[in-house]
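What follows is a short report on a single structure.
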Protein chains: 4
Amino acid sequence: MASTSTTALSSSRRAAELSSENRFDQQLARILEHATDVFCEKGYEGASMRDLSRASGMSLAGMYHYFRSKEELLFLIQKHTFGTIIEQLRHRLEKISDPEQRIRAFIFNHLEYFLANQSAMKVLSHEDEKLSNHYGAAVRSVKREYYAICVNLLEQYKRTEKLDFSTRTAVLSLFGMMNWIYTWYNPRQDGNARKLAQEMGDIFLRGIGSSRSSGKKNSRVQ
Amino acid sequence: MASTSTTALSSSRRAAELSSENRFDQQLARILEHATDVFCEKGYEGASMRDLSRASGMSLAGMYHYFRSKEELLFLIQKHTFGTIIEQLRHRLEKISDPEQRIRAFIFNHLEYFLANQSAMKVLSHEDEKLSNHYGAAVRSVKREYYAICVNLLEQYKRTEKLDFSTRTAVLSLFGMMNWIYTWYNPRQDGNARKLAQEMGDIFLRGIGSSRSSGKKNSRVQ
Amino acid sequence: MASTSTTALSSSRRAAELSSENRFDQQLARILEHATDVFCEKGYEGASMRDLSRASGMSLAGMYHYFRSKEELLFLIQKHTFGTIIEQLRHRLEKISDPEQRIRAFIFNHLEYFLANQSAMKVLSHEDEKLSNHYGAAVRSVKREYYAICVNLLEQYKRTEKLDFSTRTAVLSLFGMMNWIYTWYNPRQDGNARKLAQEMGDIFLRGIGSSRSSGKKNSRVQ
Amino acid sequence: MASTSTTALSSSRRAAELSSENRFDQQLARILEHATDVFCEKGYEGASMRDLSRASGMSLAGMYHYFRSKEELLFLIQKHTFGTIIEQLRHRLEKISDPEQRIRAFIFNHLEYFLANQSAMKVLSHEDEKLSNHYGAAVRSVKREYYAICVNLLEQYKRTEKLDFSTRTAVLSLFGMMNWIYTWYNPRQDGNARKLAQEMGDIFLRGIGSSRSSGKKNSRVQ
DNA sequence: AATGAATGAGGGTTCATTCAT
DNA sequence: CATGAATGAACCCTCATTCAT
């Protein structure tokens, strides 16, 4: 169940040389990955710093060279995960202009990342409001950004297709469909991200009233 | 944010006399309600027995007359909540035969209970797998029962309407839409259960391919 | 080096019956005495809660039934000690009207308590400003009260004897003489409180300019 | 609140060239000054090596090039401070022969250093017995030397003036008066070292029985 | 000489639970 | 039935110190 995300914690990682800053970031990334898995399994409160240190093979005290507190650790995970998923999304949307395909790209991007980094996403979904104001505000801000992107995609689609539905309910229902996955996903029964994105996209897009989208079995993402 | 569920914990409550058993159940129900709120606010691991005793106005030690452990307390809450929601659902379904209306009744029943007992439902959604095998099995069994009801409703609908979609993905998407509510529900923006059930029902039913349901604005539940 | 102070923590201790409140206070008093000794030996920061629990024969966790934090423990010690010394002082001063004798009574009272409760007084002197604002304010208030009593005694004496000296410097020098004792006191070399009070009283009173007091070898306190 | 003492840690500082040994001593002196302030504010136990390193702007590990342990650091401070104060005292006493003036010089020297180096002196007074036997013996030896000087001055005075008092009590009372200052000194209310030395000298000298000293307002030190 | 990284031991505090009353 | 008192285990975190670089 190990997270497989490749992290890009420091923007100064361009050069190939193993600068000391680099080594620090790599270690931190390693710790973050392990911690993500443990948080996923036991929850934030249920995971002890001893669990986390054991998982990353570092001494309890040593962990504190990389973050100031358990809370900051959760914060770093959330910020990093959200940052990555948004970055990937923007990259994908650049190449697509068709409103429906843009929504399908959003769904696929979300599900692909979700399934590839289940631990991270479960932590993201679950350990939502456990961050105190200081850290919480930063994360909430990134979340709002992500939410706003989805809203814009839907509004654009609504105008193009001349549809009428509550954008808010629609967006939040979509997030619900996607984020609930960690509860039930089973690779054998449920297939990969592409298949799930297709199915959920069908349900959602037809659901919000597109007449065109029904039956369009060969629509593709990326 | 107090739960308002009326509990039916013991079947021996028929008689009007305040038997000692009766008083016991009433006290337990009171504790369960308060504990539900605390679990909702702080999570299962984050809530201490002291928090729970403070919330219910009973001494720490006194709590242990009503349950054997913190884990059993969570179990009782989950069992009771699920029991109540299924009981209500069966009662409603008895009177409805139209397949679509039965699905809409399911959605409305879920959302109505969800919004009336937000704390309980958040605990139900969140503290999912924290129960050890002994208690966990019992709860999982009830959950499967509830899930199966929904699957049956969909299968029936599918046959009637001669539709083609993945029942599993559909059911789980529907649960996702509904269970994610605790994340964002705001009574002022999002209206009451009836309105939300209508909107989500529309999205979902049209989404799975009903041609009839689209535009049917006056379909009613109960 | 055990403190021997008899504590009067609760004013409701009138009755002889061992009420539950009484037992709580007695236990607390016992803990306070032991803690006083440990603070005296190792200092406030140097003494660990584990040291304190060991000294009082109670489990680490059990201590927290009697105070909320280590800091509050120090606070309770200081408040109690100061309260007792002031109470004794007032009792003594009631019976004395001669200004010089009142000052001598002050000195004797301080030294007697100091020598009988060296641990407590060393803690009082040493762990002065370690209390955060909340607790610190309460203790500082009692200290000011004690200081004010001494100032008044000196002012009265000054008027009676028509002397001229800086009351502030005098009072603070007197406290210095007395409070420094814990650094050097040795019962064999330095005698008991009565003798020390006599000597220090002589030095101090003659020092602030009384012509009468010099040579008055037979002045007595209480 | 920075200490302003100019340190003379190594006798090899004669030459003007910046020998490496010289640089070492200068760095050590800098560290000692900062550490003194931190010990003063937080106490020996309360000050962490991280606090000390932060205060001196040097890395945590770097500190250990200058002393073997936190304890040795305290030792170096105490030894240095005491060494300096005794050195200054001897220098002053060389030029004075009148017994009373010698005592007044002692008081002034002590207070002047105290007020100029409050941090150092508070540490000296407070962190008294925290040194283990190895280091403690060395410091105690210097303290005894300082104490002995004061005893000699008093004995000489006693013989000259043909007085009768307990030298021990007198010396220790004097130290008490002087060392207690850090508790209350306020430059605005209490004036400078000269004024305080005058006042305390008056109280003390008259207190131990000198008939001459009373009213002698123009006695000077240095 | 200087530092970042790392650690075992221990810091104060809270945990779920038990038991005599 | 109810509670105050008590506890061992575990909590997060910081300590003084070491060592490779």
Side-chain angles (χ1 to χ4, degrees), chain A residues 19-21 23-24 27-28 31 44-53 56-73, chain B residues 20-21 23-24 27-28 44-53 56-73, chain C residues 19-21 23-24 27-28 31 44-53 56-73, chain D residues 20-21 23-24 27-28 44-53 56-73:
Chain A
S19 69
S20 75
E21 189 183 341
R23 250 178 256 124
F24 180 93
Q27 275 276 41
L28 176 51
I31 294 174
Y44 173 70
E45 315 264 10
S48 75
M49 283 298 299
R50 275 158 186 88
D51 292 333
L52 300 171
S53 86
S56 61
M58 176 172 286
S59 76
L60 180 55
M63 308 277 282
Y64 285 86
H65 273 277
Y66 294 93
F67 42 85
R68 267 189 273 277
S69 65
K70 189 184 169 188
E71 196 186 7
E72 186 177 284
L73 175 57
Chain B
S20 74
E21 193 180 340
R23 250 182 256 119
F24 182 93
Q27 275 278 41
L28 176 51
Y44 173 70
E45 314 266 8
S48 74
M49 283 297 298
R50 264 171 183 80
D51 292 333
L52 300 172
S53 88
S56 61
M58 176 173 286
S59 77
L60 188 52
M63 310 274 285
Y64 285 86
H65 284 274
Y66 295 92
F67 43 85
R68 264 188 276 277
S69 67
K70 190 184 168 189
E71 195 186 8
E72 185 177 282
L73 175 57
Chain C
S19 69
S20 74
E21 189 183 342
R23 248 178 256 121
F24 181 93
Q27 275 276 42
L28 176 51
I31 293 173
Y44 174 69
E45 314 264 10
S48 75
M49 282 299 299
R50 278 157 183 87
D51 292 334
L52 299 171
S53 89
S56 60
M58 176 172 285
S59 77
L60 182 52
M63 307 277 283
Y64 285 85
H65 272 277
Y66 293 93
F67 42 85
R68 269 189 272 276
S69 66
K70 190 184 170 190
E71 195 186 8
E72 184 176 286
L73 175 57
Chain D
S20 76
E21 192 182 342
R23 252 182 255 118
F24 182 92
Q27 276 276 41
L28 176 51
Y44 173 70
E45 314 265 9
S48 73
M49 283 298 297
R50 263 170 184 82
D51 292 333
L52 300 171
S53 89
S56 62
M58 175 172 286
S59 78
L60 188 52
M63 310 275 284
Y64 284 85
H65 284 275
Y66 294 93
F67 43 86
R68 265 188 276 277
S69 67
K70 190 184 168 190
E71 196 185 9
E72 185 177 281
L73 175 57

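Computation of the quantities below employed the complete heavy-atom set of this structure, encompassing side-chain atoms and omitting hydrogens, waters and symmetry-equivalent molecules. What you are looking at is a predicted structure, and each value in this text was computed from that prediction instead of being measured. Lettering of chains follows the sequences in order, A, B, ..., and the numbering in each one begins at 1.
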- Message: Quick one: does any side-chain atom of A/Lys70 pair with a main-chain N or O of A/Tyr44 as donor and acceptor, under 3.5 Å?
- Response: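 Side chain of A/Lys70 to backbone of A/Tyr44: a pair is present.
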- Verify, without hydrogens or angle tests, whether D/Tyr66 (side chain) and D/Leu73 (backbone) share a donor-acceptor contact under 3.5 angstrom. no
- Query: Is there a donor and acceptor pair closer than 3.5 Å between the side chain of C/Arg50 and the base of E/dG12?
  - Reply: yes
Rounded to whole angstrom units, what separation is found between the [atom1] atom of [X] and the [atom2] atom of [N]?
X: C/Met63; N: F/dG8; atom1: CE; atom2: P; result: 14 Å
X: D/Arg23; N: E/dA1; atom1: CZ; atom2: C1'; result: 10 Å
X: A/Leu28; N: E/dA6; atom1: CG; atom2: P; result: 11 Å
X: C/Ile31; N: F/dA5; atom1: CD1; atom2: P; result: 11 Å
X: C/Met49; N: F/dA10; atom1: CE; atom2: P; result: 20 Å
X: B/Leu73; N: E/dT17; atom1: CG; atom2: C1'; result: 14 Å
X: A/Arg68; N: F/dC13; atom1: CZ; atom2: P; result: 12 Å
X: B/Glu45; N: E/dC15; atom1: CD; atom2: C1'; result: 12 Å

- Message: By nearest heavy atom, map B/Gly46 and B/Ala61 onto DNA chain E; which one lands nearer the 5' end?
- Response: B/Gly46
- Quick one: on DNA chain E, does A/Gly57 or B/Lys70 contact a more 5' nucleotide (nearest heavy atom)?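 Closer to the 5' end of DNA chain E: A/Gly57.
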- Message: In the structure I gave you, are the side-chain heavy atoms of B/Met58 and B/Gln27 within less than 4.5 Å of one another anywhere?
- Response: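 Yes. Closest side-chain heavy atoms under 4.5 Å.
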- Taking for each residue the nucleotide of DNA chain F bearing the nearest heavy atom, is the 5' side occupied by B/Gln27 or by C/Gly62? B/Gln27
- Task: Could you say whether A/Tyr44 or C/His65 is positioned toward the 5' end of DNA chain F, judged by the nucleotide with the nearest heavy atom to each?
- Result: C/His65
Whether [X] contacts [N] is assessed here as follows: a side-chain N or O lying under 4.0 Å from the phosphate OP1 or OP2. Is that the case?
X: B/Tyr64; N: F/dT3; answer: no
X: B/Tyr66; N: F/dA2; answer: yes
X: A/Ser48; N: F/dC11; answer: yes

- Query: What distance separates B/His65 NE2 from B/Ser59 OG, expressed to the nearest 0.5 Å?
  - Reply: 7.5 Å
- Separation between CG of A/Leu60 and OG of A/Ser53, rounded to the nearest 0.5 Å: 5.0 Å
- Task: Counting Watson-Crick and G-U wobble pairs only, both distances under 3.5 Å, name the nucleotide matched with F/dC13, or none.
- Result: E/dG10
- Which nucleotide, in any strand shown, forms a Watson-Crick or G-U wobble pair with E/dT17, with both distances under 3.5 Å? F/dA6
- Counting side-chain heavy atoms from CB outward, which of F/dT3, F/dC13, E/dT3 is closest to B/Ser59? F/dT3
- Message: Let's see if you can work this out: which of F/dT17, F/dC13, E/dT13 has an atom nearest to the side-chain heavy atoms of A/Leu60?
- Response: F/dC13
